[in-house]
Amino acid sequence: MDAAAAAGVLAALAPSWSAAVVLASYLAYLAAAGALLPGKLVAGAVLPDSSRLHYRCNGLLSLLLLLGLSALGVYTGWMTPTVVADRGLELLSTTFTFSVIVSFLLYYTGLRSRHQSSSLKPHATGSFIEDWWFGVQLNPHFMRVDLKFFFIRAGMMAWLFINLSLLAKSYLAGSVNRAVILYQFFCGWYIIDYFIHEEFMTSTWDIIAERLGFMLVFGDLVFIPFTFTIQGWWLLRNKVELPLLASVANCIIFLIGYLVFRGANKQKHLFKKDPKAPIWGKPPKVVGGKLLVSGYWGIARHCNYLGDLLLALSFSLPCGASSVIPYFYPTYLLILLIWRERRDEARCSEKYKDIWAEYCKLVPWRILPYVY
């Protein structure tokens with residue numbers, strides 16, 4: 001890269017007012033849609049103080065409405081379909097700046113909180129880095145908006161809109177081919193399926209146990225939409241001719257990953273809502289009255305991670321094997337999930353003690369049976 005090109009990239013990375021307007025409009029829409037649109041009211045997990053938060057799961061309706069409004073904007077000429085792709089680096093730096101500011105505000109307001117509820121009680125360690133990174137409060141709110149649930153929704157939806165903008169750019173350039181279609185289909189299916197089953201998110205570790213700090217804010221608003229779309233950017237600039245056999249294999253990997261990921265998360269969610277609900281048509285087997293040992297959860301202790309990894313791999317395979325860059329997402333996810341699995345194991349061992357030890361004997365494999 002020559003000096004002029006480097007200067008151009010640095011200039012594009014600078015936050016801009018136009019990118020700030022796009023981001024602010026997007027977040028304002030999500031806040032309004034989340035508050036006004038109808039949706040199923042789902043009770044969250046029971047917190048340590050026996051309280052429960054409730055979540056309005058109207059993400060799918062919010063997404064469909066925004067897609068309709070965006071299509072109308074493109075049709076009337078009010079906006080271009082490539083608006084997000086054209087401002088990719090500006091939006092990246094602007095969103096990153098926003099996430100840093102929000103993280104500092106969460107840290108400051110969290111320390112000043114006098115609430116004693118599990119959701120809002122400050123959990124400060126005294127270490128600025130740790131408290132800023134991991135957060136101080138479990139479920140901070142702003143104007144009655146649950147910020148943790150809101151940011152996850154914003155990141156997942158932004159992932160789809162960046163991809164659609166990249167697809168429009170590829171279409172206008174005449175470079176849409178089998179690899180592009182597979183990548184867009186896999187990601188689109190995954191994201192829409194997420195919103196169809198949005199209530200399952202309320203029983204995940206992020207919602208139940210992780211405090212809201214820079215780690216989650218950055219992860220939701222920046223990392224998910226801007227790094228999970230690296231494959232789309234790669235395909236925009238590199239033509240990949242995917243053989244039919246490779247395409248079929250890619251589809252099989254995606255399907256297996258989806259079935260394991262969605263099936264495992266659904267079983268866990270249903271078990272938490274109704275411990276007697278049948279798993280694969282049979283009464284669930286439970287250890288200590290708390291830990292599910294049936295279905296996917298009798299195969300590996302973190303079998304949903306295996307499904308997630310296969311899905312991540314399927315998103316990258318359409319890019320071929322000419323570069324490692326499109327494989328950043330599955331590589332990162334592998335490292336993250338092994339780290340998270342280790343954290344989960346330590347916490348569960350401390351929480352469940354002998355019950356966890358018995359569970360580990362019954363289900364010895366962590367993620368991949370007979371391997372790890």
Practice item. Please round to the nearest 0.5 Å and tell me the distance separating atom CG of Leu235 and atom CD1 of Ile230. Key: 12.0 Å
Check your understanding: Would a 4.5 Å heavy-atom cut-off, applied to side chains only, mark Arg342 and Arg340 as touching?
Key -> no
Exercise for review: Find the distance between NE2 (His302) and CD (Glu341) and round it off to the nearest 0.5 Å.
Suggested key: 4.5 Å
Exercise for review: Please say whether more than 12 non-hydrogen atoms of neighbouring residues, nucleotides or ligands are located less than 6.0 Å from OH in Tyr108.
Suggested key: no
Review point. About how many Å separate CG of Leu23 and OG of Ser18, when rounded to the nearest 0.5 Å?
Key: 11.5 Å
Revision key, fill the gap. Between Leu313 and Pro330 the two heavy atoms that sit nearest each other are N-CB, 4.1 Å
Check your understanding: Does a side-chain heavy-atom distance below 4.5 Å link Ile279 with Trp297?
Key -> no
Check your understanding: What is the minimum heavy-atom distance between Ser119 and Gln137, and which atoms define it?
Key -> O-CB, 3.9 Å
Check your understanding: Between Ser165 and Phe161, is there a donor-acceptor pair closer than 3.5 Å when you use the side chain of the first and the backbone of the second?
Key -> no
Review point. So, for Trp234 and Ser322, which heavy atoms are closest and what is the spacing to 0.1 Å?
Key: CZ2-OG, 3.8 Å
Check your understanding: Would the number of heavy atoms belonging to other residues, nucleotides or ligands and lying under 6.0 Å from CG of Asp354 be above 12?
Key -> no
Exercise for review: Could you check His197 against Asp193 for side chain to side chain donor-acceptor pair (under 3.5 Å), going step by step and ending with a plain yes or no?
Suggested key: CA-CA 6 Å; His197 300 96; Asp193 179 78; 3.2 Å; yes
Review point. Does Phe128 CZ have over 12 foreign heavy atoms under 6.0 Å away?
Key: yes
**Study point:** Within 6.0 Å of CH2 in Trp280, more than 12 heavy atoms from elsewhere
**Key:** yes
Check your understanding: In this structure, are over 12 heavy atoms from other groups packed under 6.0 Å from Lys266 atom NZ?
Key -> no
Practice item. Using modelled atom types only, decide if a donor and an acceptor are shared between the side chain of Ser103 and the backbone of Ser99 within a distance under 3.5 Å. Key: yes
**Study point:** Connected via hydrophobic side-chain network under 4.5 Å: Val83 and Trp17
**Key:** no
**Study point:** Validation row: Met156, Ile224 side chains within 4.5 angstrom (heavy atoms)
**Key:** yes
Point to revise | Side-chain (Thr95) to main-chain (Leu92) donor-acceptor, under 3.5 angstrom | key: no
Practice item. May I ask whether Phe150 and Phe200 are part of the same hydrophobic cluster, defined by side-chain heavy atoms of I, L, V, M, F, W, Y residues being less than 4.5 angstrom apart, directly or through others? Key: no
Check your understanding: Between Trp365 and Tyr370, what is the ring plane arrangement, given parallel below 30°, perpendicular above 60°, and tilted in between?
Key -> tilted
Review point. Under the 3.5 angstrom rule, does the side chain of Asp49 hit a backbone N or O of Ser118 as a donor-acceptor pair?
Key: yes
Check your understanding: Would Val286 and Val293 count as a side chain to side chain contact (heavy atoms under 4.5 Å, CB included) if you check the C-alpha gap in whole Å, the side-chain angles of each, and the deciding distance to 0.1 Å?
Key -> CA-CA 6 Å; Val286 182; Val293 198; 5.9 Å; no
Revision key, fill the gap. In this structure, NZ of Lys272 is separated from OG1 of Thr202 (nearest 0.5 Å) by 9.0 Å
Point to revise | Cation-pi check, Arg343 onto Trp339 ring (under 6.0 Å, within 45° of axis) | key: yes
Exercise for review: Might you work through the side chain to side chain contact (heavy atoms under 4.5 Å, CB included) test for Leu333 and Tyr305, ending with a clear yes or no?
Suggested key: CA-CA 9 Å; Leu333 191 64; Tyr305 290 176; over 6 Å; no
Exercise for review: Measure up the Phe214 and Phe218 rings against each other and bin them: parallel (under 30°), tilted (30 to 60°), perpendicular (over 60°).
Suggested key: parallel
Practice item. For residues Leu120 and Ser113, report the shortest heavy-atom separation together with the two atoms involved. Key: O-OG, 3.0 Å
Review point. Shared ILVMFWY cluster between Phe104 and Met215, side chains joined below 4.5 angstrom?
Key: yes
Review point. Hey, are the side chains of Val180 and Leu236 touching, using non-hydrogen atoms and a 4.5 Å cut-off?
Key: no
Exercise for review: Check the pair Phe98 / Val222 against side chain to side chain contact (heavy atoms under 4.5 Å, CB included), numbers first and verdict last.
Suggested key: CA-CA 10 Å; Phe98 175 77; Val222 181; over 6 Å; no
**Study point:** His115, NE2: over 12 other non-hydrogen atoms inside 6.0 angstrom
**Key:** no
Point to revise | Beyond-backbone contact of Leu292 with Lys268, side-chain heavy atoms, under 4.5 angstrom | key: no
Point to revise | Pair Trp159 and Phe226, ring centroids less than 6.0 Å apart | key: no
Check your understanding: Can you name the closest pair of heavy atoms from Phe186 and Ser314 and give their distance?
Key -> CD1-O, 3.5 Å
Check your understanding: Within the side chain of Lys353, is there an N or O that forms a donor-acceptor pair under 3.5 Å with the backbone of Glu350?
Key -> yes
Point to revise | Shared hydrophobic cluster, Leu105 / Val145 (ILVMFWY, side-chain heavy atoms < 4.5 Å) | key: no
Review point. Under 3.5 Å, side chain of Arg211 to main-chain N/O of Gly135, donor-acceptor pair present?
Key: yes
Check your understanding: Mind checking whether Leu270 and Lys273 have side chains closer than 4.5 Å, heavy atoms only?
Key -> no
Exercise for review: Please assess Asp86 against Lys169 for the test salt bridge (Lys or Arg N to Asp or Glu O under 4.0 Å), listing each intermediate value before the final yes or no.
Suggested key: CA-CA 9 Å; Asp86 292 338; Lys169 208 168 181 68; 2.6 Å; yes
Point to revise | Salt bridge Lys148-Asp206, side-chain N to carboxylate O under 4.0 Å | key: no
Revision key, fill the gap. Applied to residues 21-43, the side-chain hydrogen bond (donor to acceptor under 3.5 Å, both in side chains) test, sequence neighbours excluded, yields Lys40-Glu199
**Study point:** Check ion pair Lys239-Glu241 (N to O, under 4.0 angstrom)
**Key:** yes
Check your understanding: Counting distance only, does the side-chain N/O of Asn177 pair as donor-acceptor with the main-chain N or O of Val240 below 3.5 Å?
Key -> yes
Review point. Between Asp146 and His141, is there a donor-acceptor pair closer than 3.5 Å when you use the side chain of the first and the backbone of the second?
Key: no
Check your understanding: Hey, are Arg153 and Glu198 close enough for a salt bridge, meaning a charged N less than 4.0 Å from a carboxylate O?
Key -> yes
Revision key, fill the gap. So CG of Asn58 and CG of Leu63: to nearest 0.5 Å the spacing works out to 11.0 Å
Check your understanding: Ignoring hydrogens and geometry, is there a side-chain-to-backbone donor-acceptor pair from Arg56 to Leu41 under 3.5 Å?
Key -> no
Check your understanding: Taking side chain as C-beta onward, heavy atoms only, is Ile162 less than 4.5 Å from Phe228?
Key -> no
Check your understanding: Can you list the steps and then say if Thr125 with Asp131 is a side chain to side chain donor-acceptor pair (under 3.5 Å)?
Key -> CA-CA 6 Å; Thr125 65; Asp131 291 337; 2.9 Å; yes
Check your understanding: If you take all heavy atoms of Leu291 and Trp356, which pair is closest and at what distance?
Key -> CD1-CE3, 3.7 Å
Review point. Do the two ring centres, one from Tyr190 and one from Phe261, sit under 6.0 Å apart?
Key: yes
Check your understanding: Could you give the distance from CG (Leu255) to CG (Asn250), rounded to the nearest 0.5 Å?
Key -> 11.5 Å
Practice item. Go through the steps to decide whether Asn304 and Val260 satisfy the test side chain to side chain contact (heavy atoms under 4.5 Å, CB included), and finish with yes or no. Key: CA-CA 6 Å; Asn304 54 331; Val260 174; over 6 Å; no
Check your understanding: For Arg112, does its backbone N or O pair with a side-chain atom of Arg114 as donor and acceptor, under 3.5 Å?
Key -> yes
